[in-house]
Each structure stands twice: as C-alpha cells, then as structure tokens.
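Each remark here refers to the structure printed beneath this line.
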Amino acid sequence: MDLLGKLLVISGDDGRVSGRIIETEAYTADDPASHSFKGPTKRNEPMFGPAGHLYVYLSYGIHCCANIVTGGIGDGQAVLIRAIEPVVGIDAMRERRPGRPDRQLADGPGKLSAALGIDLSMNGLDLTDPAASIRVFDDGTRPPSDPIVGPRVGISTALDRPWRFRTPER
DNA sequence: AAAGAGATGGTCT
DNA sequence: GACCATCTCTTTT
C-alpha cells in the first residue's frame, strides 16, 4: 500500500478536513529507530495489530504524530505520515494553527496532526472501517513514479536506512 | 540564513 | 531519571 498520493480524511465536529499525503517514513520491528524494536509495549501496541489501523503517539510531550500500520498482526510495522498538502478544510486548519503561513500548516508530523485535529484519542482506530472518523482514500491520484528517497529525520540510530519518501514538487 | 535552546509529558530503565 | 520518530521562538552570523 503505497500511501504517497492518498487522501487522509478526518471527520470531526466542525466538518471534514483532508489532505494529500506527500511525505512518509517507514518503521519496522528490526529497526533500532522504531518504537516497535524492543517488542510490544503499552504504547506501541497498535503497531503490532492488524494493518490499516492508526498508531498515534505523543512526541516530546507536546505533539501527536500519526502512523498507519502496514504489517500484519505481530509484525510491528508502520509508516509515519510526515507531511500532507491541505485539500479540504484549509480554513479550519488555519484556525487550528494561528499565525502560520499556509505552507507551514501541515508540513511536519506534529504540524499535520495539529492542523487535522489528530490526537491520542484516535489511537488504534481502524481506518478500514467505513464509520471511522479518520480514513484513507485513493482518489485515483497515482503515487509519484519518482519519489524523493532519503534518510529519516529526528532519529539517532539506523540513519543509513533511506526510508523517507516524499512526493516531488510539481 | 543558520544555529541554539526551551517547552513538556508519557514511557521505559 | 533519561530519553525522545518535534516545533517554535530567540539569538547570532
């Protein structure tokens, strides 16, 4: 499941907001930089659940970051959503991120969670459930044939794994 | 333009 | 008690 180019849609109290996924990072259980590396714990439990579920964690005590579980049960594999391009509900995102230029509304894992209203209460949600408040849609946009591949960000080990993928500017 | 530091809290040792 | 899959503001070139 290639996530680049897909739509992330959140249905909240004040309507619906969505964005196109333009940057991701892969994390696996045999990866020293992954939360799942040391085995299942209370926090990373969703990572060891079925694919298509959401894994949200609190980063640096302040920000929420959203992952989509990609492995099967017990695999401990997920993809961090690092950036999205606002598509629907840009006004709502501006309200949630006052004072920020549009370019910086959701161009980081913590920023996109704030802009879209993703928080810890959404941890573990089943994105394949039609009734879920957060879902991933394929609107026909093809994933980039020439994604930018590079080292991951914000980690201190396994820096040699080029598992960061970004949609190029058009 | 780049570099540095503080905020802030759950999780794990 | 240390460590972060971060962000923003302030200070320095």
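Throughout, protein chains are lettered first and strands after them, A, B, ... in sequence-line order, and every chain is numbered starting at 1.
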Task: A:Leu120 vs A:Ile62, nearer the 5' end of DNA chain B by closest nucleotide - done: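 Nearest nucleotide further toward 5': that of A:Ile62.
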
Is [X] near enough to [N] that one of its side-chain N or O atoms lies under 4.0 angstrom from OP1 or OP2?
| X | N | value |
| --- | --- | --- |
| A:Ser59 | C:dC4 | no |
| A:His35 | C:dA5 | yes |
| A:Arg97 | C:dT8 | yes |
| A:Arg100 | C:dT8 | yes |

Task: Of the listed nucleotides B:dG9, C:dT6, C:dC4, the one nearest the side chain of A:Ser156 - done: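 For A:Ser156, the side-chain atoms sit closest to C:dC4.
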
TODO: Output the single nucleotide from C:dA5, C:dT8, C:dT6 whose closest atom is nearest the side chain of A:His63.
DONE: C:dT6

Open item on the list: One thing to verify: whether A:Lys111 and A:Asp107 come together as a salt bridge, which I'm taking to mean a side-chain N less than 4.0 angstrom from a carboxylate O.
Closed with: yes

TODO: Would you mind telling me which of A:Arg82, A:Arg152, A:Arg161, A:Arg166 makes a salt bridge (Lys or Arg N to Asp or Glu O under 4.0 Å) with A:Glu25?
DONE: A:Arg82

Task: base_contact_polar (C:dA5 base, A:Tyr57 side chain, donor-acceptor, <3.5 Å) - done: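 Indeed there is one.
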
TODO: Find the distance between OG (A:Ser145) and CG (A:Leu4) and round it off to the nearest 0.5 Å.
DONE: 11.5 Å

TODO: Could you say whether A:Gly61 or A:Gly108 is positioned toward the 5' end of DNA chain C, judged by the nucleotide with the nearest heavy atom to each?
DONE: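 Going by which nucleotide is closer to the 5' end, it is A:Gly61.
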
